[in-house]
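Just follow the structure's listing: the first ligand is 1, and inside any ligand the first atom is 1. Along the sequence shown, the residues carry numbers beginning at 1.
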Amino acid sequence: MEELQKSFSPPPCPTTVTVRRNPPRKARATPYTTGAKPHSVSSTNTHNVPSFPIDEILSIQIPQSEPLKSSVLESLKIFLRIKPLKTLTKVTTTKSRPRNVWPQNPSKMYRNSDKGKKSTKIEEACIALNDSYSVTLTPPQALQELKRSKTEVYEGFSHVFPADCSQNDVYGKMVQPLLEDFMKGKSGMLAALGPSGSGKTHTVFGTPKDPGIVPLTLRQIFKKSDESSPGSLRSFYLSIFEICSERGKGEKAYDLLGDGSSELSVQQSTIRGLKEVPIHNLEEAESLIGQAMLKRATATTNSNSQSSRSQCIINIRAASNDVTNETKMQSSDAMLTIVDLAGAEREKRTGNQGERLVESNFINNTSMVFGQCLRILTVKAGEEDYLDTSYLLKQASPYMKIKFDNTEEPCNKRQLKTFLRVEKNKKIKLSAPKTSQIEESVAAERNRNSQEVNLQGKKADPTDKSSPKLEHDSLDKIEREHIIMRNFAKVLWNVLKQYNEKLKVAEGEICSLKDNLRSEQLKSLGLETELIHLKSSCKQNLAEPCIPKIEALTHAKEQFERNVDDDPCNLIKTRGEASVEECNKSPVPCKNVKDAEFVLCHTSTDNDVEPRQHQQPANSEENVGTTQVEAEAADFPSDQAIQNQDDPTPSPERVEASQDCINNQLSKVQTESAISRRFSDSEKQKRNRRLLPASSRSVPEEMNDLDINDNQIEKPQVKISEAHVQEKSKSTQGPEIEVHAREAAKKQGSRQKPRRRLQPASSVLLTREINTLEIEDDVAEPKGNRGRKKTTVPQPRSQGSVTLLRLLTNNLHI
Ligand SMILES: Nc1ncnc2c1ncn2[C@@H]1O[C@H](COP(=O)(O)OP(=O)(O)OP(=O)(O)O)[C@@H](O)[C@H]1O
């Protein structure tokens, strides 16, 4: 056990650790160092070194490469033929339904019957014809993304035959000039190059129904020889052979018109043993061609079911019959060589393996040799043939211009990605506060712009050096501005809509206001008509025109009082003082008004007096007195009044006439006074407003401002009635009693003196007169008024005037 433990136990740890280092390396001694040392360059040997012949080198004339002659260039013409695109037929078969199922819907049956039909689809093209001399080769989308292939423009072709061109077109443009030269004794060579299955053999040989350039050339040769003369000057010979690779070991040539073993020996550039068959007519030539095609090596590849696996060379030699000398004849012969090369292939595409792959390599290499002559390139236009086509076209690139037209450079791709990312952020920023509708429109617009970018990129001139970044920036800016402006327009539109709604509301209000206005106008018209009626009734009944007369009366009264003041009678003097005091307080100048209105009052009296004399009965007591007063007033001359103004002491007759005039005017406004008495204050105000015109409505308002209450109005009336009583008794008691009554009235008037305010004189007077003159109109009034007249009538003139004056003055001091 111990031994076992010892065997499994780890070895003891050494006490010291030795680190092994690589030994220091030493540089080997070079022969220069080990051998004989070189001669040190001493100053003594410098003169032996020859100088560098720089001048001689510079003086050497370098021979310039001669430009290609036109003939050479002509021989290097390159034609391009595009094979038609394949039409992909897809046949869809319907599954057979079991018989014991429920009958099918007829419409479904009809639809299902369509499933068995063929659907044709044309494949996408990788090459497009720009014009007769150029094509654009576009890689498929998958290759563009993966391999970053470029769109290429190839231009400089002698002619490009489109896919729908005919064999005759190809012959006419490409072979006819060559044949003409041939018939003139000029040799020529034409080779068809192209990927497998691109139509080389079809172009060269064609089919019996659609012959290629070889049969067409033979037809043309024999046609021309027949036209020239029966005994043609030229003889034509045909030889056909192929070069192929045998098991990848080497190149072998086979005579396709020979009998038996047809292998040819190729020694350097000379092929020995090739059979040349003279052809006399077209039929012989076509049969030989057919025979050779049967012998040609073909194989099935992925690209072509009968792919030519060899380079087939057809020689047509034209020999002159006129010359007997062999050397001369040979020198004058012309050779027309047409080559149908095997397809330039790619390994993956053909699926070639082993020997076949070696064979294809041989084909490609030999094709390069034949590619140095006049050629027709046949290409397939399918999208999947892009690489083959591109490979072939690049072989011809030394003889043509190739423009690379691709906007999707690797760096640009990265830039575009970053731009898109930035653009996305911007889009979020701009469209965040907007509605989903705006976002959708923005996205749609962005897509449109990106499409425009792509289109512009495709259409852009490849020589344009402007960066796509700048273009994209400008587009982005334009788009942003457009979005901003569009949102701004939307906001404006919303604001305008709101204003429109507000305008509609305002119009509705205006309509309602107009209706109200119309109704109010109708109401006002009704009121105006009522007012007009009332005015007319007022003019008939009330003494509206008497308002100035009333004023005139008032002033006349004051004048009268002033005149009375001059009288020795104290009573009258006292009254005159009060009137003057009033007049002074009034803003209206008194004297002028008095003078004028006194005359006016007098004339009006003249007019009114006479009819009354006829109407009133003479026998009544009251009428007698009135008639007397009025008759006296009528007899009062106006010129006397004027004269009396100058006279400070008026005569008693004058005073009486003035009093009568006042009485007459006062009788005219009795009705108005009665109305004012009959109604309360509020009713009075309303009535005044209704009766008076708008312009004169200020008058009743001013009347209200006077604060004249009923007591103030009624008191003088009571006083007047008292005065009447006193007057009645005065007629019996004498002048002393009258004087007492007047003094009492004066005291009462001074005691009840109203507050005075600054107001128009006319309104003050009107107020006074209205309040004063209602005495006689009041129906409920006792017979005091009439009694007053009764008392005045029997009085002598001076007494009546004084009494009337007293009444007026009492009223004026309300
Ligand atoms: N221009 C054309 N019009 C109609 N059919 C064409 C045309 N070109 C080629 N084809 C048809 O395409 C098929 C292949 O053509 P073809 O054998 O000439 O190709 P290829 O280039 O000779 O191929 P490979 O190099 O393998 O021999 C043939 O069936 C031919 O009839």
Which heavy atom of Ile240 sits nearest to which heavy atom of Ala292, and what is that distance? CD1-CB, 3.5 Å
Salt-bridge present (Glu242, Lys295; N to O < 4.0 Å): no
What part of Ala163, side chain, backbone, both or neither, has a heavy atom within less than 4.0 angstrom of ligand 1? neither
May I ask you to check whether over 12 heavy atoms, not counting those of Tyr237, lie within 6.0 Å of atom OH? yes
Which is closest to atom 19 (O) of ligand 1 in terms of heavy atoms, Ser166, Gly199, Ala192, Pro162? Gly199
What pairs with His159 under ring-ring contact (aromatic ring centres under 6.0 Å, His included), at least two apart in sequence or on another chain? Phe161
With no hydrogens and no angle check, do the side chains of Thr203 and Arg81 hold a donor and an acceptor under 3.5 Å apart? yes
At a 4.0 Å threshold, what atoms of ligand 1 neighbour a non-hydrogen atom of Arg81? 1 (N)
Specify side chain, backbone, both or neither for His202, according to which of its non-hydrogen atoms lie closer than 4.0 Å to ligand 1. both
Heavy-atom proximity to atom 20 (P) of ligand 1 ranks first, among Pro84, Gly206, Gly212, Gly197, for Gly197
Pair Thr207-Asp210, side-chain donor/acceptor within less than 3.5 Å: no
Any nitrogen or oxygen of Ser196, main chain or side chain, under 3.5 Å from a nitrogen or oxygen of ligand 1? yes
Under 4.0 Å from a heavy atom of Pro195: which atoms of ligand 1 are those, numbered in the order shown and with their elements? 21 (O)
How close do Pro195 and Val379 get, heavy atom to heavy atom, and via which atoms? CD-CA, 4.5 Å
Contact check, Gly194 vs ligand 1, heavy-atom distance below 4.0 Å: no
At less than 4.0 angstrom from any non-hydrogen atom of Lys200, what atoms of ligand 1 do you find? 18 (O), 19 (O), 20 (P), 21 (O), 22 (O), 23 (O), 24 (P), 25 (O)
Which atoms from ligand 1 have a heavy atom of Thr201 less than 4.0 Å away? 18 (O), 22 (O), 27 (O)
